[in-house]
Amino acid sequence: MSAMNRTTDDLRDRGRTPPDQSRLCIHTATTRPLPLEAAVDEYVRAGVRGITVWRDALAGRSARAAGDRIRRAGLEVVSLCRGGFFVNADEEERIVAIEENRSAVREAAELGAPLVVLVCGADPAVPLPLAREQIRTGIEAVLPLASQLGVKLAIEPLHPMYADTRSAITDLATANRMCEEIDSPALGVAVDVYHLWFDPSLETEIERAGERVLAFHVCDWRTPTRDLLTDRGLMGEGCIDIPAIRGWVEAAGFDGFIEVEIFSTEYWALEQRSYIERIVGAYEAHV
Ligand code: ZN
C-alpha cells in the first residue's frame with residue numbers, strides 16, 4: 001500500500017476529509033533563500049493562498065508596501081513572526097524586549113497581519129517559574145497596543161529542548177493557563193505540531209483552548225533529528241500524526257490557514273521552486 005493510500009484510508013477512518021488547498025500557507029522562513037518578492041511570486045505560482053512573514057524578510061522594506069504587494073498578488077497575510085523573547089536576567093534588557101514587541105505589533109498592523117506569533121523567551125540564568133512571570137509581564141505590557149491596533153498575539157509553546165534559551169513555555173497547558181489568567185480577547189495560542197505532538201494532554205488542551213487557537217503550524221519530526229533547530233521534515237517524512245492533530249484543532253473551532261513552517265538546511269539548499277511544489281504535494285497527502 002502506498003503512503004498516499006494509507007493516508008487516505010486513515011482520513012476515511014476518522015471520518016474527515018483532506019484539507020482544502022485554499023487553506024495552505026507557507027512561512028517565509030520555510031523558503032529562506034527567497035527574498036520576499038520572489039517568495040510571493042513562487043507561492044502564487046504554486047497555488048498557495050497564505051503567507052506568514054518573518055520579520056527578517058521585511059528588512060529594508062516598508063511593511064505597508066510589502067503588505068500591499070502581497071495582497072495584490074492574491075495572497076493573504078496570515079501572521080507576522082515573531083515577537084517574544086521577554087525573558088532576561090537584566091531588567092533593562094526586558095524593557096528593550098517589550099519595546100521591540102511593540103515595534104513588531106506596529107509592523108504587523110502596517111503589513112496587514114492580524115496576528116503576531118510569540119516565541120516567549122528563556123534565559124539559562126533565569127529560573128523557569130520566574131521566566132514565566134517575566135513572559136506574563138511582557139505580554140501584558142504589549143497587549144494594550146495590540147488591542148488598539150487590532151492585532152492579536154499568540155503564545156506558541158515550544159518543544160522543551162528549547163527551554164534554556166527560546167521559551168519557558170513548553171506545553172499547551174501552560175500557554176492556556178496564561179491566556180486564562182490574562183483573559184484578553186487579543187491573546188491566544190499557536191499550535192505547532194513539531195513542538196507538541198508527543199504531549200498526552202494535547203487533545204484535551206486543544207479543546208480547552210477552543211477559540212483561543214489562533215494559528216496551526218505543520219512540519220514533521222525526523223528520526224534521527226540531526227540538528228535541534230534546522231532539521232525539520234516535510235509533512236509525511238516523520239512520526240507526527242498531523243491529520244489527528246488537525247482534527248483536534250478543527251474540532252475546537254479552528255478553520256484558519258494551515259501554515260507550513262520548516263527550518264531545514266537541507267531544504268534551503270534545494271532549488272526553491274521544486275521544493276515549494278513538494279510542499280504542496282506533502283500538504284495534500286499528509287495533512
Ligand atoms: Zn511554529
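Both ligands and their constituent atoms are indexed starting at 1 by order of listing.
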Need the atom name: nearest N/O/S atom of Asp192 to the Zn ion (ligand 1). OD2
When you measure from the Zn ion (ligand 1) to each N, O or S atom of Glu156, which atom gives the shortest distance? OE2
So, is His195 placed with an N/O/S atom under 2.8 Å from the Zn ion (ligand 1), counting both backbone and side chain? no
Here the N/O/S atom of His217 closest to the Zn ion (ligand 1) would be ND1
Do the side-chain N and O atoms of Thr230 and Ser264 include a donor-acceptor pair separated by under 3.5 angstrom? no
Quick check: of its N, O or S atoms, which one does Glu261 have closest to the Zn ion (ligand 1)? OE1
When the aromatic ring centroids of His159 and Trp197 are compared, is their separation below 6.0 Å? no
Taking Glu205's backbone N and O only, do any of them form a donor-acceptor pair with Asn176's side chain (distance below 3.5 Å, no angle check)? yes
Look at the N, O or S atoms of Glu259, main chain and side chain alike, and state whether any lies under 2.8 Å from the Zn ion (ligand 1). no
Is there a side chain to side chain donor-acceptor pair (under 3.5 Å) between Ser274 and Glu271? Walk through the geometry before answering. CA-CA 6 Å; Ser274 52; Glu271 191 278 311; 2.9 Å; yes
Is the His217 to His195 ring centre distance short of 6.0 Å? no
